[in-house]
Amino acid sequence: MSEIIDLNLVELVQKIKKKELSSKEITKAFVDRSEKSKKLNVYITDNFNEAIKSAENFDSKPNFEKKLPGIPIAVKDLFCTKNLRTTAGSKILNNFVPPYESTVTQNLWDNGAILLGKLNCDEFAMGSSNETSFFGNVQSPIGENLVPGGSSGGSASALAAKLTPVTIGTDTGGSIRQPASFTGTVGLKPTYGSCSRYGIVAFASSLDQAGPMTSNVEDCALLLEVMSSYDLKDSTSVEFKRNNYLQNLNENIKGKKIGIPKEYITDKMPKEIEDLWQNGISYLKESGAEIIDLSLPNTPYALPAYYIVAPAEASSNLARYDGVKYGFRSNGENLIDMYEKTRSEGFGNEVKRRIMIGTYVLSSGYYDAYYLKAQKVRRLIKNDFDEAYKKVDAILTPSTPSSAFKINEKTNDPVSMYLNDIFTVPINLAGLPAISIPAGLDKKGYPLGLQIIGKAFDEQNILNIAYSMQKKIKFKNVINDWWLK
Amino acid sequence: MSIDLKTVKHISKLSRISLDDEKAKKLEKDLNSIFKFIEKLNELDTSKTEALSSIVETKLQLRKDEIKSKDIREQILKNSPSENKDFFVVPKVVE
């Protein structure tokens, strides 16, 4: 069975279509390995028995026209799944069973995929190390007591550990790209408005986007075309022609203009990351791309602006958790007391911190100084990208300022934790698409990623550049199955 | 500017999150370090910049006001921590 889990998504789809493998054989292989891998703590809720039944159903009347025929997929526990508990990694949603399905997951099932289970994540997707989940830390398959990144940490670990062929995450400030970078996998945050937000537990609505996490660029292209759809149930969904990203994947990037922003060169950047970036530039040149130095002058203001906008939106979105209609309730002497105790006991420290920041910046007398100011800075950041894209087709940067760190290394200092997202946050503020691809290992043997940022709705272009770079980089993830020993 | 303990308690009230003194002190420290970091924005002159409230600057789409999910009362109530017949139950609010 060991070879099934080594196959990527595109290969699995081919094998099913050629009837060389059944959905049940594939599903069973991933279920078996998932069951042996409890130490990683990636699943909050599994759906293994149902998944095997669904696979049998698929095999009894297979439809090979589907894009993901009988393919088992585990998803981040931020996507609402009908009749299966959805927690967002929080105690306050510990017992919540959605009566409806998110559009993105519905798109997966409509294309033939089978739900394997719900994956651990930072509470309400607030975190960069998967250490804020009510359901405990996730271990990285890269090394023991190493964080997988966050907030889609369970997704990244499950994918890198081969417990699911591909997975999906959400990205508000880097929550797909940073864990992808930490675990040697591919992660793409689509343009805001590409993938419907309907049925995704909301964090910061003007920044949240769902996206694919895969082991290579081809799988990423295929999964994106299934996830992306125009949806009237999401008022910010954008109607545009979705590509057949996989079919149109093209490694020829001759003549493409790629920008290198000088503001992403930081004082404390490890030499390894600088070298990796230089290698990336060389590969692009070898492929006939033109490298152009450019400036995104407002980059240093992105993270401070994000830590106003995101908590402000979060404090509004999370106001609904009051212990009345669903979720956890604590008993109180009266209604207000019940609200206050429910929210105090139901939310973890990081979530409470962000609700408090958000409440403060939106409170009377501070709105202009903080929230309005941050929205103005957001405009400046978007303008920087608009200017840059008059000269270039895409931008290349590192994905993260460091490789993965140890569990508990950064939990006492929120600002140092926030700095993890310094290269990914500006992209969410500007609503642009960006992909992180694995580009090498540091001297500790931990993966490092490069990020390709595109113009709005130009996912095909960044996938093509990533595809071309993937062929040159020839990255191989080193997973020694430490948790099975 | 810095956030004092009184302000932390005021925000906790607005947020409907009860806080004991120990937690409030820890939050005071955390919030001050975060706001110190945020204050970098004051370096920028934004007096002539228009705020960006949404990245999708198109008109919001209207859809027909139709009932799409019917007979889901039971499913909805099933998630409630406390319900009685067709109602959500909360602590008494009217004496």
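Worth knowing before you read on, the calculation uses all heavy atoms, side chains too, and leaves out hydrogens, waters and symmetry mates. Proteins get letters first, then strands, A, B, ... in listed order; numbering begins at 1 in each. Since the structure is predicted, the reported quantities are computational estimates derived from the model, not experimental observations.
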Among pairs that include at least one residue of residues 346-365 of chain A, which meet salt bridge (Lys or Arg N to Asp or Glu O under 4.0 Å), considering only residues two or more places apart or in two chains?
A:Glu350-A:Arg353, A:Glu350-A:Arg354, A:Arg353-B:Asp30
Polar side-chain atom of A:Arg343 near backbone of B:Ser15 as donor-acceptor pair, under 3.5 Å
yes
Could you state the interatomic distance from OG (B:Ser80) to CG (A:Asn95), rounded to the nearest 0.5 Å?
10.0 Å
Can you tell me how far apart NZ (A:Lys382) and CD1 (B:Ile55) are? Round to the nearest 0.5 Å.
5.5 Å
Pick from A:Leu372, A:Asp337, A:Leu303, A:Thr191: which one has the most heavy-atom pairs with chain B under 4.5 Å?
A:Leu303
Atom NZ of B:Lys25: over 12 foreign heavy atoms under 6.0 Å
no
Tell me, for A:Ser363 versus chain B, whether the close heavy atoms (under 4.5 Å) come from the side chain, the backbone, both or neither.
side chain
Ring centre gap for B:Phe35 and A:Tyr360 strictly below 6.0 Å
yes
Using non-hydrogen atoms and a 4.5 Å limit, figure out which bit of B:Lys78 sits close to chain A: side chain, backbone, both or neither.
neither
Has A:Arg378 got a side-chain atom pairing as donor or acceptor with B:Leu52's backbone, closer than 3.5 angstrom?
no
Provide the closest heavy-atom pair for A:Tyr301 versus B:Lys40 in the form atom of the first, atom of the second, distance.
CE2-O, 3.5 Å
Counting only non-hydrogen atoms closer than 4.5 Å, does B:Leu27 touch chain A with its backbone (N, CA, C, O), its side chain (CB onward), both, or neither?
side chain
If you count heavy-atom pairs under 4.5 Å with chain A, which of B:Leu44, B:Asn42, B:Val90 comes out on top?
B:Leu44
Taking A:Ile355, A:Asn334, A:Val324, A:Val377 one by one, which has the highest count of heavy-atom pairs under 4.5 Å against chain B?
A:Val324
Find the one option among B:Val8, B:Leu31, B:Ile34 whose heavy-atom pairs under 4.5 Å with chain A are most numerous.
B:Ile34
A:Ile357 CD1 to B:Ile11 CD1 distance, which is reported to the nearest 0.5 Å:
9.0 Å
Taking atom CD of B:Glu43 as the centre, report whether more than 12 heavy atoms of other residues, nucleotides or ligands fall under 6.0 Å from it.
yes
Rounded at 0.5 Å granularity, tell me how far NZ in A:Lys233 sits from CZ in B:Arg63.
9.0 Å
Exercise: identify the closest heavy-atom pair between A:Ser206 and B:Ser53:
CB-O, 4.3 Å
If I take atom CZ from residue B:Arg16 and atom CG from residue A:Leu318, how far apart are they, to the nearest 0.5 angstrom?
16.0 Å
Interatomic distance, CG@B:Leu41 vs OH@A:Tyr307, rounded to 0.5 Å, equals 14.0 Å
Against chain A, label B:Thr7 side chain, backbone, both or neither, depending on which of its atoms sit under 4.5 Å from a heavy atom there.
side chain
So, A:Tyr100 versus B:Gln75: side-chain donor-acceptor pair below 3.5 Å or not?
no
Check whether any side-chain heavy atom of B:Asn79 sits under 4.5 Å from a side-chain heavy atom of A:Pro99, and report yes or no.
yes
Identify which part of A:Val361 has an atom lying under 4.5 Å from any heavy atom of chain B, answering side chain, backbone, both or neither.
side chain
Using non-hydrogen atoms and a 4.5 Å limit, figure out which bit of B:Lys23 sits close to chain A: side chain, backbone, both or neither.
side chain
Tell me, do B:Ile17 and A:Thr359 make a side-chain contact under 4.5 Å, heavy atoms counted?
no
Top of A:Ile336, A:Asp413, A:Thr236 for chain B proximity - count of heavy-atom pairs under 4.5 angstrom:
A:Ile336
Identify which part of A:Leu93 has an atom lying under 4.5 Å from any heavy atom of chain B, answering side chain, backbone, both or neither.
neither
Side chains of A:Pro304 and B:Phe37: does their closest heavy-atom pair fall under 4.5 Å?
yes
Are B:Pro91 and A:Glu333 close enough that some pair of their side-chain heavy atoms sits under 4.5 Å apart?
no
Does atom NZ of A:Lys82 have more than 12 heavy-atom neighbours from other groups under 6.0 Å away?
no
Examine whether an atom of A:Tyr230 lies under 4.5 Å from a heavy atom of chain B, and if so say whether it belongs to the side chain, the backbone or both; otherwise answer neither.
side chain
Are B:Leu19 and A:Met356 packed together at the side-chain level, in the sense that at least one heavy-atom pair is separated by less than 4.5 angstrom?
yes
Side chain, backbone, both or neither of A:Asp322 within contact of chain B (heavy atoms, under 4.5 Å)
neither
In terms of heavy-atom contacts, B:Pro81 and A:Gly323 come closest through CG-O, 3.3 Å
Over all atoms of both residues, closest heavy-atom pair of B:Ala51 and A:Arg379
O-NH2, 3.1 Å
Over 12 foreign heavy atoms within 6.0 Å of NZ, A:Lys325:
no
